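All heavy atoms count here, side chains included; hydrogens, waters and symmetry mates do not. In what follows, chains carry the letters A, B, and so on, assigned in the order in which the sequence lines appear, proteins first and then strands, with residues in each chain numbered from 1. Keep in mind the model is a prediction, meaning the values are calculated, not measured.
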Number of protein chains: 2
Amino acid sequence: MAKPRVTLKDVASKVGVHSSTVSRVLNPATKDMVTEEIANKILSTVAEMGYRPNTFAQSLKTNRSYTVGVMVPDLTNPSFALIIKGIDNMLEAHGYSIIVANTYNLEEKQKSTLEKFRERHVDGLIIATAKRKEELIDDCIREGTPFVQAVRASENINVCSVISDELIGGNMVISHLAHLGHKEIAYIAGPQFISTGFARYQGFLQGMMNAGLDIDQELTVFCDTFSEEEGRNAASKLLALDKKITAVYVGNDIMALGVYDELEARGIKCGIDISIVGFDDMPFADKFNPPLTTVHTPMVNIGTEAARILIDKINDNNIPARTIKLKPDLIVRNSTGPVR
Amino acid sequence: MAKPRVTLKDVASKVGVHSSTVSRVLNPATKDMVTEEIANKILSTVAEMGYRPNTFAQSLKTNRSYTVGVMVPDLTNPSFALIIKGIDNMLEAHGYSIIVANTYNLEEKQKSTLEKFRERHVDGLIIATAKRKEELIDDCIREGTPFVQAVRASENINVCSVISDELIGGNMVISHLAHLGHKEIAYIAGPQFISTGFARYQGFLQGMMNAGLDIDQELTVFCDTFSEEEGRNAASKLLALDKKITAVYVGNDIMALGVYDELEARGIKCGIDISIVGFDDMPFADKFNPPLTTVHTPMVNIGTEAARILIDKINDNNIPARTIKLKPDLIVRNSTGPVR
DNA sequence: ATAATTTATGCAATCGTTTGCATAATATTC
DNA sequence: GAATATTATGCAAACGATTGCATAAATTAT
């Protein structure tokens with residue numbers, strides 16, 4: 001910026017020592033190598049002159065940027081903003097800044113983002129965009145890039161991931177619906193090439209089996225994207241079937257909003273004529289009409305935990321691989337009710 | 001990261017030229033100083049060897065980081081995520097990365113954020129957190145830091161700002177309500193030390209005057225924060241008055257949600273018994289119960305425009321100051337209806 | 001063909017910090 | 001007091017890129 005910079009040399013000259021001594025005082029790891037008298041003199045001169053290290057020079061020498069690249073599909077989905085919050089709170093406390101990039105679920109965008117992060121020499125990555133088969137993950141392993149997967153995970157089990165336990169979530173949903181008397185339960189699945197889409201479907205299957213309910217394959221619709229539009233299309237398909245459906249479990253809240261749209265267009269009362277359950281408990285889900293029954297995934301905690309692990313990986317990229325599954329909670333609101 | 005880096009010297013050695021020649025070929029501004037034959041040979045070797053410039057070294061020499069610091073109050077408010085989207089799309093296209101920081105409307109956090117951005121030598125700032133009297137702005141001017149204010153602005157007119165035209169917004173709201181027959185219109189104001197809080201109140205006053213409606217000062221409540229809780233408290237105060245109120249204009253959508261909460265608790269039908277208008281048209285406002293009538297502020301465009309101006313300021317910090325006020329739109333939904 | 005001019009490329013200083021090693025200063029041991 | 005050991009500090013190389021200036025090479029003018 002515009003002001004002439006104060007360098008280590010300027011401070012050293014003022015105190016009458018060498019710049020390496022100033023450098024040593026400013027580094028907690030080497031501060032004890034300098035006598036206290038000189039150290040104090042240096043510290044007060046540093047404050048007085050407003051000396052601020054040149055981080056470019058530091059990074060050139062240490063090869064560390066103290067930045068972390070975070071890839072999310074789309075920051076305007078409030079759920080991802082919560083993850084970022086968790087990540088930021090943890091990383092900031094450890095002296096890192098995060099550079100956030102939206103990939104909009106586009107392969108090319110993801111690649112160019114990774115390239116940009118590489119150019120910037122981020123110390124590590126948090127990847128919230130992994131597909132089940134994810135080349136980018138293999139690439140990072142090959143390059144020795146420290147990273148952690150958050151929310152979504154590739155199928156590579158030799159990496160670190162922090163996710164929500166989607167199977168528990170699915171079981172909770174089906175158990176809740178079964179207790180309300182529902183048997184004809186439809187499922188709107190997210191994309192199966194994404195782990196959340198896939199695992200939530202498995203949770204649906206497992207929940208149905210555990211509740212002793214029959215699964216009618218016709219009552220499952222697979223969506224290509226986690227979007228309101230796809231959710232609405234799926235609801236349209238289900239309602240066009242000449243089958244009794246008393247409840248719909250939807251693989252995420254955004255798609256559930258699409259289901260709401262279709263129900264409203266058809267004059268079907270949500271929570272009364274039919275029950276709807278979402279997944280994520282995105283912010284404002286309690287403000288929808290009706291307030292959405294959904295599985296609360298602890299997004300902030302996922303972010304925090306992912307950041308914690310990443311710091312460990314940056315310090316030692318050989319820590320053991322792990323998948324941390326945080327327990328979700330079912331939040332019952334007005335979109336579910338007893339079978340009529 | 002872990003892989004041994006390819007340097008300019010490695011490429012130069014392989015091609016049989018000096019590293020300064022390689023550097024010149026890679027810089028579009030100096031590429032013409034090298035013969036095409038050598039340039040092509042260098043470019044193919046660069047690609048073949050996977051050379052990637054060390055941005056620390058570049059930045060140390062050029063004193064440019066190609067990062068921009070963006071300060072927002074809280075990224076989990078989806079409106080700010082929209083601004084970030086606009087900012088990111090524009091800056092990314094010009095080779096910048098953005099470092100986002102949440103200040104949570106805390107003075108100390110804002111200060112430490114500015115300090116952190118300074119340490120990182122961001123090339124400029126976008127400040128979405130400015131108070132009307134904002135020391136941080138004076139500080140940036142003094143230091144010669146390029147910055148642009150977005151959404152919220154300080155009262156310093158010698159700086160660049162991109163905001164929504166809150167007066168037009170207020171006039172639209174009151175005109176809409178007047179056409180519905182409302183005369184006893186209450187106003188829930190955001191914090192007056194924040195420009196949006198202040199200007200939206202001015203818009204309310206101006207709109208009432210222009211509609212020829214009397215202003216009852218008792219029907220205005222001032223909130224300390226733009227929060228759901230404060231909105232609810234304000235609604236509680238208004239409804240405790242022994243006065244007829246047929247409509248409430250609320251200074252932002254989050255506070256309007258608090259008003260919704262209070263109405264629901266009192267069994268008052270929103271849009272029927274009383275009309276509510278918000279401000280911002282935050283994402284999902286159309287999903288609330290009832291869908292919220294609100295002023296749509298073009299957040300993405302504000303972000304985009306702020307970023308565009310910032311790029312100009314980074315290139316020449318002496319460009320003329322300006323305040324760009326983008327026109328908002330009234331979005332009428334079900335929270336407003338004719339006077340009963 | 002020679003001289004003058006223009007273009008292309010190499011050299012090395014610079015940016016500001018860190019840190020291994022050498023030297024100086026201080027403390028301890030005999 | 002002299003010899004030895006320890007601590008404190010300075011020196012300068014290194015990190016990798018950019019770029020002004022000098023020099024070499026190529027082109028143009030006479």
Side-chain angles (χ1 to χ4, degrees), chain A residues 1-43 45-46 49-67 95 118-121 123, chain B residues 1-43 45-46 49-67 95 118-121 123:
Chain A
M1 315 206 206
K3 245 224 41 250
R5 84 174 301 107
V6 178
T7 68
L8 218 42
K9 276 189 187 171
D10 301 327
V11 175
S13 179
K14 184 109 186 245
V15 178
V17 295
H18 191 263
S19 61
S20 64
T21 304
V22 180
S23 181
R24 290 198 179 98
V25 170
L26 294 180
N27 181 350
T30 51
K31 185 171 176 185
D32 291 338
M33 291 166 66
V34 181
T35 61
E36 196 168 334
E37 183 191 6
I38 294 185
N40 288 336
K41 201 164 171 189
I42 287 171
L43 290 174
T45 304
V46 160
M49 297 181 78
Y51 166 75
R52 188 184 287 123
N54 184 320
T55 52
F56 305 143
Q58 284 184 329
S59 299
L60 180 59
K61 185 66 187 174
T62 63
N63 209 30
R64 288 289 302 271
S65 68
Y66 287 96
T67 55
R118 285 240 168 89
E119 285 174 8
R120 293 203 170 280
H121 295 91
D123 293 336
Chain B
M1 313 201 208
K3 247 201 143 170
R5 84 175 300 105
V6 179
T7 68
L8 217 42
K9 275 188 184 172
D10 299 329
V11 176
S13 178
K14 184 109 187 240
V15 178
V17 296
H18 191 262
S19 62
S20 64
T21 304
V22 179
S23 180
R24 289 199 179 95
V25 170
L26 294 180
N27 180 352
T30 52
K31 187 172 177 184
D32 291 339
M33 290 168 64
V34 180
T35 61
E36 195 169 336
E37 182 190 7
I38 294 185
N40 288 336
K41 201 163 170 189
I42 287 172
L43 290 174
T45 304
V46 161
M49 296 181 81
Y51 167 75
R52 187 183 288 122
N54 183 323
T55 51
F56 304 142
Q58 284 183 331
S59 297
L60 180 58
K61 185 67 187 175
T62 62
N63 208 30
R64 288 289 301 272
S65 68
Y66 287 95
T67 55
R118 288 241 165 88
E119 286 175 8
R120 293 202 172 280
H121 295 91
D123 292 335

Q: OP1 or OP2 of D:dG10 less than 4.0 angstrom from a side-chain nitrogen or oxygen of A:Thr21, does that happen here?
A: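 Yes, because at least one side-chain N or O of A:Thr21 sits under 4.0 Å from OP1 or OP2 of D:dG10.
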
Q: Would you call B:Thr67 and A:Arg120 a side-chain contact if the rule is heavy atoms closer than 4.5 Å?
A: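 Contact flag for B:Thr67/A:Arg120 side chains = yes.
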
Q: Does OP1 or OP2 of C:dT17 have a side-chain N or O of A:Asn27 closer than 4.0 Å?
A: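 No.
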
Q: D:dT18 P sits how many Å from B:Asn63 CG, rounded?
A: 14 Å

Q: Has the side chain of A:Lys61 got a donor or acceptor atom sitting under 3.5 Å from an opposite partner on the base of C:dT18?
A: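 Yes, the side chain and the base share a sub-3.5 Å donor-acceptor pair.
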
Q: In terms of the nearest nucleotide of DNA chain D, which residue is placed more toward the 5' end: B:Phe56 or A:Val17?
A: A:Val17

Q: Starting from C1' on D:dG16, measure out to CG on B:Leu26 and report it in whole angstrom.
A: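 So the two atoms are 13 Å apart, to the nearest Å.
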
Q: Tell me which of A:Asp32 and A:Ser20 sits closer to the 5' end of DNA chain D, going by the nucleotide each one is nearest to.
A: A:Asp32

Q: May I ask you to evaluate whether A:Gln58 reaches the phosphate of C:dG16, defined as a side-chain N or O under 4.0 Å from OP1 or OP2?
A: no

Q: Please give, in whole Å, the distance from D:dA13 P to A:Leu60 CG?
A: 17 Å

Q: Passes side chain to side chain contact (heavy atoms under 4.5 Å, CB included), B:Thr7 versus B:Asn54? Steps please.
A: CA-CA 8 Å; B:Thr7 68; B:Asn54 183 323; over 6 Å; no

Q: Tell me if the side-chain of A:Arg24 makes a donor-acceptor pair with the base of D:dG10, cut-off 3.5 Å, by modelled atom types.
A: yes

Q: Nearest whole angstrom, please: distance from the P of C:dA8 to the NZ of B:Lys41.
A: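 To the nearest whole Å, that distance equals 17 Å.
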
Q: Are any of A:His18's side-chain N or O atoms less than 4.0 Å away from OP1 or OP2 of D:dC11?
A: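 Checking A:His18 against D:dC11: at least one side-chain N or O falls below 4.0 Å of OP1 or OP2.
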
